[in-house]
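Start at 1 with the first residue, then count along the sequence.
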Amino acid sequence: MRGDYQQLVDEISAALGAPATLEDRDFGLIAFGAHEGEDDEVMDPVRTRSILQRRSSAAVRAWFEAFGIARATAPLRIPPDPAAGVFKGRICLPVRHRGVVHGYVWLLDDGHLTDLDLGGPGAPPDPRIAQAMESAARIGALLAEEARAGSELAGLLRELLTTKAAGRAAAVAALRDGLRDTLRFTPGAPLTVVAVLPWDAAAADGPPLPNLPGLLAACPMPAADGGRADRPGSGNGADTGTAALAALVRLREPGSLAPARTAAGHLLRSPRAGGPPAPAGRAAHRRDPGAAAGIGVPTREPAELPGVWRQARDAARAARAEPRLGSVAEWDALGAYRLLTALPPAAADPAAAPLLAPAHAELARTAEAFLDCAGQAGRTAQHLGIHRQTLYYRLGRIEQLTGLDLDEGADRLLLHMALKAARL
């Protein structure tokens, strides 16, 4: 289908004699026409960013949307705005299907399109514009079909991920059939799941599924599921009480997670991704982490996707807890958090609990840094920016509060895991 988009964009470029770009309604790049001549003749920073980074900035989007492109049914001229980086004017061809806008075709109005008649009330447009709009309408039909297929596949994915293991066979078969009917999927291709946590599942009208290579479907997951329904001792499965997004991604090969990382980064920029305010009583050394994404281990078998989903969600939880993992974490790279996220929710260990009180936030930070540095005082003092004697004083206070001996490996392990678990 992506080849169809490229062919139609090339048709528009040929009809109007100018390179065109096609973006979805979330301003994600889908296809672009070839640029001939010197770069400074046909490019500006907005188009360069769109092609290189596959999306436009918020300022550029706001500038274009202010001209009513989401409601337009006919081509529009949009003047330049150097303050937003738009140094050249644009002609925007809205891409619609059955009254719904699905994207935009953009042409740089760099001089030779100024005489192009876009039409108006009672006046027909230039025949070249009419031809380009016919191509845009065909693009709209393709995008609408993709959106419909993605919505149906999202429902099948959610059914599989929320069904208990005993009754999962029918859901697996239904998802297999849905994948077989998806143009962007080849049977036997490796799949993975991306989890975005938290996700505003209550929003009635969120942005559409990004038009990204490999992103097949995405569905909000209920807060009560928590991705832990099949774990022994998990009770009702609730952990954070916050909804997440599950996104199904097709990979080019099992060892390459690049499409999943791209999808995760794009989804994290959605206005529906973001952390709620920190609840009262949260451990003092924890920050408000905002949104994070996790990626599960690839599989070729749809029946294994519930397990991959749990891995992805655990990776997202770990990324929210541990800044060093970054905003997108892979389950394979979680280290000790693979074990910690698999454990059912529990109260803080009695020995570590006093250290987690708000009054001892600095001591908790010191203890975690000391243990992260394998108990090396020099490295710890340098990391914290304090004198060694200050560090030794704090370590003594930590031992007094916890009753643990930081010269003992078992005590160090207990405290280290208790501090990490408290982040989750």
Is [Y] close to [X] at the side-chain level, that is, under 4.5 Å between some pair of heavy atoms?
X: Leu415; Y: Leu406; result: yes
X: Val297; Y: Glu304; result: no
X: Leu191; Y: Leu179; result: yes
X: Pro306; Y: Leu160; result: yes
X: Leu384; Y: Phe370; result: no
X: Arg313; Y: Met221; result: no
X: Arg317; Y: Leu197; result: yes
X: Lys420; Y: Glu368; result: yes

### Task
For the pair Arg180 and Asp177, evaluate side-chain contact (heavy atoms from CB on, under 4.5 Å) and give the outcome as yes or no after the intermediate values.
CA-CA 5 Å; Arg180 193 175 297 117; Asp177 290 342; 2.7 Å; yes
Reported [atom1]-to-[atom2] distance for the pair [X] and [Y], which is rounded to 0.5 angstrom:
X: Leu419; Y: Leu356; atom1: CG; atom2: CG; result: 6.0 Å
X: Leu161; Y: Arg310; atom1: CG; atom2: CZ; result: 9.5 Å
X: Ile30; Y: Asp24; atom1: CD1; atom2: CG; result: 5.0 Å
X: Leu414; Y: Thr402; atom1: CG; atom2: OG1; result: 8.5 Å
X: Ile398; Y: Leu363; atom1: CD1; atom2: CG; result: 5.0 Å
X: Leu404; Y: Arg412; atom1: CG; atom2: CZ; result: 12.0 Å

### Message
Just to verify, what does Glu152 make a salt bridge (charged side-chain N to carboxylate O under 4.0 Å, His left out) with, not counting sequence neighbours?
### Response
Arg148
### Message
Holding to salt bridge (charged side-chain N to carboxylate O under 4.0 Å, His left out), I want the full list of residues that pass it with Arg300, two or more places apart in sequence or in another chain.
### Response
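Residues passing salt bridge (charged side-chain N to carboxylate O under 4.0 Å, His left out) with Arg300: none at all.
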Quick check: closest heavy atoms across [X] and [Y], and the distance to 0.1 Å?
X: Pro220; Y: Leu245; answer: N-CD1, 3.7 Å
X: Asp314; Y: Ala342; answer: OD2-N, 4.4 Å
X: Ala292; Y: Arg320; answer: CB-CG, 3.5 Å
X: Ala329; Y: Ala319; answer: CB-CB, 3.8 Å
X: Ala141; Y: His97; answer: CA-ND1, 3.6 Å
X: Glu23; Y: Leu29; answer: CG-CA, 4.1 Å

### Summary
Here the salt bridge (Lys or Arg N to Asp or Glu O under 4.0 Å) pairs for residues 334-349, sequence neighbours left out, are none
According to side chain to side chain contact (heavy atoms under 4.5 Å, CB included), who are the partners of [X], at least two apart in sequence or on a separate chain?
X: Gln376; answer: Ala374, Arg379
X: Gln382; answer: none
X: Glu159; answer: Thr163, Ala171
X: Pro80; answer: none

Mind checking side-chain hydrogen bond (donor to acceptor under 3.5 Å, both in side chains) for [X] and listing every partner two or more places apart, or none if nothing turns up?
X: Asp332; value: none
X: Thr366; value: Arg394
X: Glu65; value: Arg61
X: Arg71; value: none

### Task
Report the residues that fulfil ring-ring contact (aromatic ring centres under 6.0 Å, His included) with Tyr104, sequence neighbours left out, ordered by chain and then residue number.
Phe27, Trp106
### Task
Please say whether more than 12 non-hydrogen atoms of neighbouring residues, nucleotides or ligands are located less than 6.0 Å from NE2 in His383.
no
### Query
Can Val249 and Ile295 be said to form a side-chain contact (heavy atoms from CB on, under 4.5 Å), step by step?
CA-CA 10 Å; Val249 180; Ile295 302 174; over 6 Å; no
### Query
Under 4.0 Å between a Lys/Arg side-chain N and an Asp/Glu carboxylate O for Asp372 and Arg365?
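Looking at Asp372 and Arg365, the cut-off is not met.
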Any donor and acceptor pair, going by atom type alone, linking the side chain of [X] with main-chain N or O of [Y] inside 3.5 Å?
X: Arg168; Y: Ala303; value: no
X: Ser13; Y: Ala20; value: yes
X: Arg96; Y: Ala72; value: yes
X: Arg128; Y: Ala15; value: no
X: Gln6; Y: Phe32; value: yes
X: Glu253; Y: Gly255; value: no

### Message
For a side-chain contact (heavy atoms from CB on, under 4.5 Å) check, start with the C-alpha distance between Leu107 and Arg90, then their side-chain angles and the critical distance, and finish with the verdict.
### Response
CA-CA 6 Å; Leu107 299 110; Arg90 299 293 201 276; over 6 Å; no
### Task
Apply the test side-chain contact (heavy atoms from CB on, under 4.5 Å) to residues Ile69 and Val101: give CA-CA distance (whole Å), side-chain angles for both, the deciding distance (0.1 Å), then the verdict.
CA-CA 9 Å; Ile69 59 174; Val101 64; over 6 Å; no
